[in-house]
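Residue indices begin at 1 and follow the sequence shown.
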Amino acid sequence: MAHQVYLAVDLGASSGRVLAGVFDGQRLRLEEVHRFENGPVQVGGTLHWDVLRLWQEIQAGLRQAATQYRGQIVSVGVDTWGVDFALLGRGDVLLGNPVHYRDRRTDGVMERAFRRVPRSEIFAATGLQFMQFNTLFQLIAMTEQNSPLLEVAESLLLMPDMFHWLLTGRKANELTNATTTQFYNPITGRWATELFERFELPQRLLGELVQPGTRLGKLAGHVAAATDLPNVEVVLPGTHDTASAVMAVPAADPTAERPTWAYISSGTWALAGVETPRAVVNDACAAMNFTNEGGVGGTNRLLKNITGLWLVQECRRAWAQAGTSYEWGALVKMAAAAPPRVSLVDPDAPDFLAPRDMPQAIAEYCRRTGQTVPDGPGAMIRCALESIALKSRRVLEQATQLSGAQLAVIHIVGGGVQNRELCQATADACGRRVLAGPVEATATGNVLVQAMAAGAVGSIAEARDVVRRSFAPEEYSPRQSAAWDEAYGRFEQLLP
């Protein structure tokens with residue numbers, strides 16, 4: 001078959017890209033068309049996303065793609081992080097810039113929410129991991145602050161929903177991102193409207209739920225004219241970036257009652273878990289604070305969020321602000337040279353959510369817990385990487401208990417694949433073989449859902465065959481199990 005091109009708009013917390021997936025019917029090749037910066041903008045003490053600039057950048061990327069792949073582009077789809085949202089008012093007016101999930105407006109909101117509706121009842125209705133920035137708690141924070149936006153808002157669009165609306169003019173809430181809100185019920189497959197009622201939130205905000213693979217239609221006329229893409233369709237991928245990343249896991253086994261493989265989507269966040277045929281909503285899942293999120297093809301992602309390379313990124317940023325810039329490769333080499341398994345932290349401790357100075361926060365945590373304070377950047381980065389690996393072990397042990405999994409292999413996908421020290425540490429800490437790749441898992445999954453919608457790929461199993469043919473994974477075997485078991489014992493003492 002002639003090459004077909006599918007465009008993936010992949011928005012992350014620190015950068016965005018427009019990528020072209022070039023597919024010849026057997027193998028997929030990803031080519032970066034346009035890259036741009038992303039991040040929070042503080043206005044009046046509140047952290048926002050600069051969505052108007054992001055929209056400009058997306059259109060610039062689409063224009064460039066039109067020039068590079070003229071006549072070959074079939075469709076485009078957008079994926080982003082979860083939980084954050086835009087509100088539209090009467091006449092579909094965008095009501096302000098969406099607020100960033102690291103904004104402090106949700107501090108203490110969960111505890112106050114539990115006084116109105118018990119934690120156990122919220123979990124029973126949603127099956128979702130409790131994090132203070134989940135959409136439900138952001139909306140409750142707005143009600144507590146008497147936000148005028150809620151009074152006039154008529155629609156709630158998660159971040160990728162908003163960009164799909166800008167592309168087509170059609171409003172729809174794609175399922176995989178909707179499942180991150182904490183007001184979606186994975187048992188009924190509908191919005192948890194009863195929960196909305198109990199918190200006195202306006203149900204008019206909740207729109208049509210649609211599945212990944214849905215064809216929204218062609219680009220709106222003014223967008224097609226601005227981008228020179230007159231006949232390109234918009235297709236919903238798994239719009240939550242982890243849903244797309246898990247879609248691209250090159251696993252040979254289908255989703256089973258007892259999973260044989262686990263995944264870690266590794267980047268700023270590390271999302272670790274297993275793919276199951278249905279949601280796991282029970283007391284044990286609630287006690288372990290696991291989450292059930294929608295996957296492509298009606299699957300369920302039983303997983304837990306782990307603070308990932310955020311620790312390393314923020315250390316690097318703090319050192320740069322202090323006058324010393326380190327390249328990623330140099331930091332990894334310094335980490336490899338530092339003594340192993342000396343200092344450990346719980347990556348998900350509140351200390352590391354949004355500190356002003358990450359190296360100082362890590363040092364203070366180690367001092368408070370009676371450990372050696374990491375001496376220098378190499379030791380600091382080694383502490384972060386080993387701690388992320390050990391937290392992955394903890395989460396995957398819990399996922400095994402909840403699902404009955406018999407894990408033979410761990411697939412690591414996403415940008416963290418490029419950090420060889422982290423991949424090896426994960427194999428060592430978990431005592432499991434690790435297959436690392438593809439790096440661009442999210443964009444790969446995004447593109448392959450579009451290819452399925454176009455009929456170029458027949459199923460998820462076929463899509464994963466394409467991934468295996470297209471991107472050879474790197475294998476890591478576990479080492480030094482006794483030393484890592486000892487470190488894990490110390491690590492467990494740090495956990496709540």
Side-chain angles (χ1 to χ4, degrees), residues 4-12 16-21 23 51 54-55 58-59 61-62 65 73-86 88 92 135 155-181 184 186 189-191 206-220 223-224 227 229 231-248 293-301 441-460 463:
Q4 294 181 329
V5 176
Y6 305 91
L7 301 180
V9 179
D10 178 26
L11 297 180
R17 285 101 39 86
V18 176
L19 299 104
F23 185 51
V51 294
L54 294 178
W55 175 232
I58 289 169
Q59 292 180 91
L62 296 182
I73 298 171
V74 178
S75 60
V76 59
V78 182
D79 65 76
T80 80
W81 61 96
V83 307
D84 289 338
F85 57 93
L88 303 184
D92 289 345
T135 317
S155 304
L156 181 148
L157 298 177
L158 278 297
M159 296 298 287
D161 301 331
M162 182 196 67
F163 289 113
H164 286 127
W165 163 68
L166 287 170
L167 287 167
T168 65
R170 178 177 171 185
K171 293 179 288 185
N173 294 123
E174 188 275 331
L175 184 75
T176 67
N177 222 298
T179 64
T180 71
T181 59
Y184 170 83
R190 301 194 306 269
W191 292 119
L206 304 178
E208 176 192 9
L209 285 167
V210 293
Q211 293 285 338
T214 297
R215 299 163 69 168
L216 287 186
K218 291 185 179 180
L219 291 171
V223 178
T227 58
L229 292 172
N231 295 305
V232 169
E233 277 205 303
V234 176
V235 174
L236 298 183
T239 67
H240 188 232
D241 47 16
T242 309
S244 278
V246 173
M247 165 70 185
E293 294 177 357
V296 174
T299 56
N300 180 70
R301 291 176 289 121
T442 297
T444 299
N446 181 329
V447 162
L448 286 172
V449 170
Q450 295 183 54
M452 288 170 61
V457 175
S459 66
I460 294 175

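- Residues F85 and T181 are not in side-chain contact: their nearest non-hydrogen atoms beyond the backbone lie 4.5 Å or more apart.
- Between Y6 and V235 there is no side-chain heavy-atom pair separated by less than 4.5 Å.
- With sequence neighbours excluded, the residues that form a side-chain hydrogen bond (donor to acceptor under 3.5 Å, both in side chains) with D84 are W49, W81, Q138.
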Give the C-alpha distance, both sets of side-chain angles, the deciding distance and a yes or no for side chain to side chain contact (heavy atoms under 4.5 Å, CB included) between L62 and L167. CA-CA 11 Å; L62 296 182; L167 287 167; 3.9 Å; yes
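- Shortest non-hydrogen contact noted between G207 and N173 is N-OD1, 3.1 Å.
- The side-chain hydrogen bond (donor to acceptor under 3.5 Å, both in side chains) search around R190 returns none, not counting sequence neighbours.
- Under the side chain to side chain contact (heavy atoms under 4.5 Å, CB included) test applied with N177, the options V83, L157, L158 reduce to a single match, L158.
- Under the 3.5 Å distance criterion, the side-chain polar atoms of T176 are matched with a main-chain donor or acceptor of H240.
- Among residues two or more places apart in sequence or in another chain, the side-chain hydrogen bond (donor to acceptor under 3.5 Å, both in side chains) test is passed with T299 by none.
- In this structure, the separation between OG1 on T179 and CZ on R301 is 5.5 Å, given to the nearest 0.5 Å.
- The structure places CG of L236 at 7.5 Å from CG of D161, a figure rounded to the nearest 0.5 Å.
- For the atom pair CE of M159 and OG1 of T180, the computed distance is 11.5 Å after rounding to the nearest 0.5 Å.
- When all heavy atoms are compared, the tightest approach of A8 to V447 is CB-CG2, 3.9 Å.
- Taking OG1 from T239 and CE from M162, the interatomic distance works out to 12.0 Å, rounded to the nearest 0.5 Å.
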Go through E233 and V74 one step at a time and tell me if the side chain to side chain contact (heavy atoms under 4.5 Å, CB included) criterion holds. CA-CA 7 Å; E233 277 205 303; V74 178; 5.9 Å; no
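- W191 meets the ring pair (Phe, Tyr, Trp, His ring centres under 6.0 Å) test with F183; sequence neighbours excluded.
- The two residues T168 and R170 come nearest to each other via the heavy atoms OG1-N, 3.0 Å.
- Every pair passing side chain to side chain donor-acceptor pair (under 3.5 Å) that includes a residue from residues 442-452 is listed here, sequence neighbours excluded: S75-Q450, D79-N446, N446-Q450.
- The only option from L88, L216, V234 that meets the side chain to side chain contact (heavy atoms under 4.5 Å, CB included) definition with W165 turns out to be L88.
- Between the CG atom in L7 and the CZ atom in R17 there is a gap of 13.5 Å [rounded to 0.5 Å].
- When all heavy atoms are compared, the tightest approach of P237 to V78 is CG-O, 3.4 Å.
- Between S155 and K171, the shortest heavy-atom distance links the atoms OG-NZ, 3.2 Å.
- Pairs passing the salt bridge (charged side-chain N to carboxylate O under 4.0 Å, His left out) check and including a residue from residues 449-459, sequence neighbours excluded, do not occur.
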For V223 and L166: C-alpha separation, side-chain torsions, deciding distance, then whether side chain to side chain contact (heavy atoms under 4.5 Å, CB included) applies. CA-CA 8 Å; V223 178; L166 287 170; over 6 Å; no
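- A distance of 9.5 Å separates CD of E174 from CG of L209, quoted to the nearest 0.5 Å.
- Heavy-atom minimum distance, G238 versus A243: CA-CB, 4.3 Å.
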